[in-house]
Amino acid sequence: YGNRYNTGKSDFSVWDSMSFIEQICMIFLPIMLGFIFYMILDIVGLIWWLRIVIAAGMVIGCIGLITLIVNLIQGDY
């Protein structure tokens, strides 16, 4: 496997083979998901720092759950 910059090498960064739009999505989609969770928790009326901690935990949990499901489907668990 390789990418357009270093064909034949097996130790390359996945970030280098992503397009610019994919790189932007990798950065901003978790931030936007955290903001959505924060706004949902704002309706509940919790303290601001508790909302941030819970929203960050929910985003990390979602990323971990997606990673676990993908690894289970591929058999790489």
Side-chain angles (χ1 to χ4, degrees):
Y1 299 109
N3 60 12
R4 61 179 175 238
Y5 301 113
N6 53 3
T7 57
K9 291 174 67 177
S10 62
D11 58 341
F12 64 91
S13 173
V14 175
W15 188 262
D16 293 334
S17 61
M18 286 184 181
S19 69
F20 179 70
I21 294 174
E22 289 172 332
Q23 291 175 350
I24 295 297
C25 289
M26 289 291 288
I27 294 171
F28 285 110
L29 287 179
I31 293 171
M32 292 187 327
L33 185 63
F35 180 72
I36 291 170
F37 286 148
Y38 182 85
M39 285 293 119
I40 291 171
L41 290 170
D42 188 32
I43 295 171
V44 177
L46 296 173
I47 304 171
W48 67 270
W49 57 268
L50 188 59
R51 287 190 305 242
I52 291 174
V53 170
I54 293 173
M58 290 172 73
V59 170
I60 291 169
C62 287
I63 292 171
L65 187 63
I66 290 169
T67 304
L68 178 68
I69 291 170
V70 167
N71 286 338
L72 284 173
I73 290 172
Q74 289 182 345
D76 293 338
Y77 56 94

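Side-chain atoms are counted along with the backbone in the values below, which use heavy atoms only and exclude waters and symmetry mates.
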Interatomic distance, Ile52 atom CD1 to Trp49 atom CH2 [nearest 0.5 angstrom]: 10.5 Å
If I take atom CZ from residue Phe35 and atom CD1 from residue Ile40, how far apart are they, to the nearest 0.5 angstrom? 11.0 Å
Would you say the side chain of Leu68 lies within less than 4.5 Å of the side chain of Leu72, judging by non-hydrogen atoms?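 Touching, per the 4.5 Å side-chain cut-off.
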May I ask you to test the Gln23-Ile27 pair for a side-chain heavy-atom distance under 4.5 Å?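 No, their side chains stay 4.5 Å or more apart.
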Can you get from [X] to [Y] by hopping between Ile, Leu, Val, Met, Phe, Trp and Tyr side chains that sit under 4.5 Å apart?
X: Ile63; Y: Met18; answer: no
X: Met32; Y: Ile66; answer: no
X: Leu29; Y: Phe20; answer: no
X: Trp48; Y: Val44; answer: yes

Please check if the number of heavy atoms outside Ile31 that lie under 6.0 Å from its CD1 is greater than 12. yes
If you count every heavy atom of other residues, nucleotides or ligands that lies below 6.0 Å from Met26 atom CE, does the total exceed 12? no
Give me the atom names and distance for the closest heavy-atom approach of [X] to [Y].
X: Pro30; Y: Cys25; value: CD-O, 3.8 Å
X: Gly34; Y: Ala55; value: O-CB, 3.7 Å
X: Leu41; Y: Ile54; value: CD1-CG2, 3.4 Å

Please list, chain by chain and in numerical order, all residues satisfying side-chain contact (heavy atoms from CB on, under 4.5 Å) with Val53, sequence neighbours excluded.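 Val53: no side-chain contact (heavy atoms from CB on, under 4.5 Å) contacts found.
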Got a sec, which residues hit side-chain contact (heavy atoms from CB on, under 4.5 Å) with Leu65, two or more places apart in sequence or on another chain?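 Applying side-chain contact (heavy atoms from CB on, under 4.5 Å) to Leu65 gives Ile69.
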May I have all residue pairs that pass side chain to side chain donor-acceptor pair (under 3.5 Å) and include part of residues 29-43, sequence neighbours excluded?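 The answer is Tyr38-Arg51, Asp42-Arg51.
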